[in-house]
Amino acid sequence: MIQNDRHAPEALQQHPDVTEAIVRERRLHDPSVRLSGPLAEALFDPDFIEVGASGRRWTHAEMVAALPTLHGGAESSTPITAEHFEGTVLASGIVHLTYETRIEDRHARRSSIWRRDAAGEFRLYYHQATPVPDPTAGP
């Protein structure tokens with residue numbers, strides 16, 4: 001089942017796991033979470049891996065340590081605008097999200113996999129960002 005925030009809530013009933021994953025993904029964009037090691041740590045799976053828009057591979061420890069210094073990590077930094085969330089329940093306790101972000105003049109398409117841990121909490125297991133080229137830029 002694909003869920004999409006571009007539809008009015010009354011037009012599309014969203015699976016509760018998709019809703020929970022979106023809420024948690026958005027929490028990762030909150031400066032107060034990005035600045036707090038314990039709050040951020042609680043959202044990442046111990047086996048977390050990210051392939052960033054730069055192509056860099058991040059591990060769990062690297063991401064938790066770097067999060068306060070990345071965009072959106074301080075109240076005064078450029079906020080992360082996230083939109084067009086879509087989600088699919090791949091299996092019980094596993095949700096795949098896609099969405100788009102804008103940070104200053106950078107636009108990226110993002111993909112995240114959230115999985116429930118033994119305590120029943122969704123944690124971010126995998127994340128990938130792909131830059132979207134500026135359509136006005138020449139070849």
Side-chain angles (χ1 to χ4, degrees):
M1 174 194 276
I2 296 177
Q3 307 302 323
N4 184 325
D5 71 346
R6 290 178 284 193
H7 297 284
E10 63 275 4
L12 182 62
Q13 187 63 30
Q14 192 159 269
H15 191 284
D17 286 356
V18 170
T19 300
E20 186 176 349
I22 291 170
V23 166
R24 288 175 166 271
E25 188 85 37
R26 288 187 180 277
R27 286 194 69 215
L28 283 170
H29 300 154
D30 181 334
S32 65
V33 172
R34 295 172 85 81
L35 288 169
S36 168
L39 290 176
E41 176 85 27
L43 293 170
F44 288 105
D45 190 277
D47 296 326
F48 171 80
I49 295 293
E50 175 172 332
V51 178
S54 67
R56 178 178 173 177
R57 183 180 185 274
W58 297 81
T59 65
H60 174 270
E62 291 169 333
M63 181 55 68
V64 171
L67 205 55
T69 67
L70 299 174
H71 285 287
E75 295 292 339
S76 62
S77 73
T78 303
I80 299 169
T81 301
E83 59 189 3
H84 307 301
F85 280 85
E86 295 183 11
T88 302
V89 175
L90 299 176
S92 178
I94 301 175
V95 173
H96 177 231
L97 296 181
T98 59
Y99 63 101
E100 296 182 27
T101 59
R102 292 189 188 275
I103 305 169
E104 295 176 343
D105 62 345
R106 295 189 333 235
H107 179 199
R109 290 192 178 95
R110 298 183 178 267
S111 176
S112 295
I113 297 176
W114 289 82
R115 71 178 181 181
R116 284 201 190 277
D117 63 13
E121 298 293 323
F122 269 113
R123 291 182 172 232
L124 184 57
Y125 172 74
Y126 179 81
H127 184 78
Q128 183 164 351
T130 303
V132 176
D134 180 351
T136 63

Which atom pair, heavy atoms only, marks the closest approach of [X] to [Y]?
{"X": "Val33", "Y": "Ala40", "result": "O-CB, 3.6 Å"}
{"X": "Pro133", "Y": "Pro131", "result": "CD-O, 3.7 Å"}
{"X": "Pro68", "Y": "Leu35", "result": "CB-CD2, 3.9 Å"}
{"X": "Leu70", "Y": "Trp58", "result": "CD2-CH2, 4.3 Å"}
{"X": "Gly37", "Y": "Val64", "result": "O-CG1, 4.4 Å"}

What's in the same ILVMFWY side-chain cluster as Val23, cut-off under 4.5 Å, chained through other members?
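Under the 4.5 Å side-chain rule, Val23 groups with nothing.
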
List, by chain and then residue number, the residues other than Ile94 in its hydrophobic cluster (Ile/Leu/Val/Met/Phe/Trp/Tyr, side-chain heavy atoms under 4.5 Å); write none if there are no others.
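Under the 4.5 Å side-chain rule, Ile94 groups with Ile49, Val51, Leu90, Ile113, Tyr125, Tyr126.
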
For the [atom1] atom of [X] and the [atom2] atom of [Y], what is their distance to the nearest 0.5 Å?
{"X": "Met63", "Y": "Phe44", "atom1": "CE", "atom2": "CZ", "result": "6.0 Å"}
{"X": "Ser32", "Y": "Leu39", "atom1": "OG", "atom2": "CG", "result": "6.5 Å"}
{"X": "Leu97", "Y": "Arg110", "atom1": "CG", "atom2": "CZ", "result": "12.5 Å"}
{"X": "Leu67", "Y": "Leu28", "atom1": "CG", "atom2": "CG", "result": "7.0 Å"}

Just jot down the side chain to side chain contact (heavy atoms under 4.5 Å, CB included) partners of Arg116, sequence neighbours excluded, or say none.
Asp17, Glu20, Phe122

Tell me, please, which residues at least two apart from Arg109 pass salt bridge (charged side-chain N to carboxylate O under 4.0 Å, His left out).
Glu100

Flag side-chain contact, heavy atom, 4.5 Å: Arg26 against Asp30:
no

Going by the ring pair (Phe, Tyr, Trp, His ring centres under 6.0 Å) test, which pairs reach into residues 88-119, not counting sequence neighbours?
His29-Tyr99, Phe85-Tyr99

Hey, could you give me each pair passing salt bridge (Lys or Arg N to Asp or Glu O under 4.0 Å) that has a residue in residues 119-133? Not counting sequence neighbours.
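Qualifying pairs: Arg24-Glu121, Asp117-Arg123.
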
Partner residues of Thr98 under the side-chain hydrogen bond (donor to acceptor under 3.5 Å, both in side chains) criterion, sequence neighbours left out
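Here no residue qualifies.
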
Can you list everything that forms a side-chain hydrogen bond (donor to acceptor under 3.5 Å, both in side chains) with Thr59? Sequence neighbours excluded, please.
Glu62

Decide side-chain contact (heavy atoms from CB on, under 4.5 Å) for Val95 and Val18; before the verdict, give the C-alpha distance in whole Å, the side-chain angles of both, and the deciding distance to 0.1 Å.
CA-CA 6 Å; Val95 173; Val18 170; 4.2 Å; yes

Determine which pairs satisfy side-chain hydrogen bond (donor to acceptor under 3.5 Å, both in side chains) with at least one residue from residues 37-54, sequence neighbours left out, and list them in order.
Glu41-His60, Asp45-Arg115, Asp47-Arg115

